[in-house]
Amino acid sequence: MSEPAQTPSSAPSSAPPAIAGPEDFAPAIRWGVQTAIADGARCITAVDIAFGENWPWDDAALLSALAGWLRLPQRRLVLLAAGYDDFARLHPRFVVWRRDWSHAISPFVAPEELTGTLPTLLLDDRRVSVVRLDPVQGRGRASLEPRTRLHWHDPVDAVLQRSSPGFPVTTLGL
């Protein structure tokens, strides 16, 4: 007798990792993306003031997983930052990769008066949240609790509603 098929929300996932310092953040982001994809999330939102070097946007395996996910219908990756000035220098592989997926990736720039309130986090539209709570020590929390995700979703959504598109795929020079 065959086992019943698992729905995306019942797919097994590993326990949320501990984020005890800056070195734990990138692995936690990878876990969050992989878990969101396994859960069948339709939207993944990443927020940071500038997406510094602690973000694994240059990881080939992560980009490959995101590409497979973005091939599915109605999938969207949302980025929210105060600016993207150093993004191309820090994550060149992502910048090149994004050209093929620009239709499904929405980068936004927060209004200047709200940039000080931007958390550092990754959320999906189901239950995944990865949040850096202490920027100095690099501590944070990864969770599969829908309630925790919702706690962060509402303030981020409020900033997104006031944000403008940013980080164009190409820059035109005259």
Side-chain angles (χ1 to χ4, degrees), residues 11-41 43-70 75-98 101 104-110 114-157 159-160 163 166-167:
S13 60
S14 61
I19 306 172
E23 67 282 352
D24 297 330
F25 187 68
I29 292 296
R30 287 184 195 95
W31 168 86
V33 168
Q34 293 167 349
T35 303
I37 291 170
D39 276 358
C43 183
I44 297 174
T45 302
V47 181
D48 194 55
I49 288 177
F51 290 110
E53 51 198 41
N54 287 334
W55 284 84
W57 293 128
D58 237 30
D59 182 332
L62 178 72
L63 296 179
S64 177
L66 283 170
W69 175 70
L70 289 171
R75 297 308 191 261
R76 186 171 166 216
L77 175 63
V78 176
L79 304 175
L80 174 62
Y84 296 91
D85 296 339
D86 293 332
F87 200 99
R89 180 180 56 80
L90 293 172
H91 311 292
R93 182 176 287 154
F94 181 91
V95 173
V96 171
W97 171 85
R98 183 176 81 111
W101 301 103
I105 300 174
S106 303
F108 289 94
V109 176
L114 296 177
T115 58
T117 66
L118 286 180
T120 297
L121 58 77
L122 178 102
L123 302 172
D124 73 356
D125 58 354
R126 290 178 167 249
R127 63 184 184 140
V128 172
S129 62
V130 178
V131 183
R132 185 168 35 212
L133 299 169
D134 181 352
V136 175
Q137 298 294 322
R139 293 186 194 122
R141 181 168 186 238
S143 174
L144 291 173
E145 292 291 324
R147 190 171 12 133
T148 303
R149 186 206 65 84
L150 189 59
H151 169 80
W152 291 101
H153 174 268
D154 291 345
V156 167
D157 190 51
V159 175
L160 273 170
S163 298
F167 195 36

Can you tell me how far the [atom1] atom of [X] sits from the [atom2] atom of [Y], to the nearest 0.5 Å?
X    : Y    : atom1 : atom2 : result
F25  : R30  : CZ    : CZ    : 11.0 Å
E145 : S129 : CD    : OG    : 8.5 Å
R76  : I105 : CZ    : CD1   : 11.0 Å
E53  : D58  : CD    : CG    : 11.5 Å
L114 : L80  : CG    : CG    : 9.5 Å

Tell me, do [X] and [Y] make a side-chain contact under 4.5 Å, heavy atoms counted?
X    : Y    : answer
F94  : L62  : no
F167 : V95  : yes
W152 : V47  : no
I44  : L122 : yes
R132 : I19  : no
R127 : L144 : yes
V156 : P119 : yes
P107 : R98  : yes

In terms of the angle between their ring planes, are Y84 and F51 parallel, tilted or perpendicular, with boundaries placed at 30° and 60°?
->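 Because their plane-to-plane angle is under 30°, the rings of Y84 and F51 count as parallel.
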Under 3.5 Å, is there a donor-acceptor pair between the side chain of [X] and the main chain of [Y]?
X    : Y    : answer
D125 : C43  : yes
W31  : V130 : no
D124 : R126 : yes
H91  : G52  : yes

Any chance you could lay out the side-chain contact (heavy atoms from CB on, under 4.5 Å) test for L66 and W101, step after step, and finish with the verdict?
-> CA-CA 10 Å; L66 283 170; W101 301 103; over 6 Å; no
Check [X] against [Y] and note the closest heavy-atom contact, atom names and distance.
X    : Y    : result
L77  : L70  : N-CD2, 4.3 Å
W69  : R75  : O-CG, 3.1 Å
A82  : T115 : CB-CG2, 3.4 Å
L133 : P135 : O-CD, 3.6 Å
I49  : A81  : O-CB, 3.6 Å
A18  : D24  : O-CB, 3.6 Å

L79 vs W55, side-chain contact (heavy atoms from CB on, under 4.5 Å): CA-CA, chis, key distance, verdict | CA-CA 12 Å; L79 304 175; W55 284 84; over 6 Å; no
Give the C-alpha distance, both sets of side-chain angles, the deciding distance and a yes or no for side-chain contact (heavy atoms from CB on, under 4.5 Å) between F108 and V159.
-> CA-CA 10 Å; F108 289 94; V159 175; over 6 Å; no
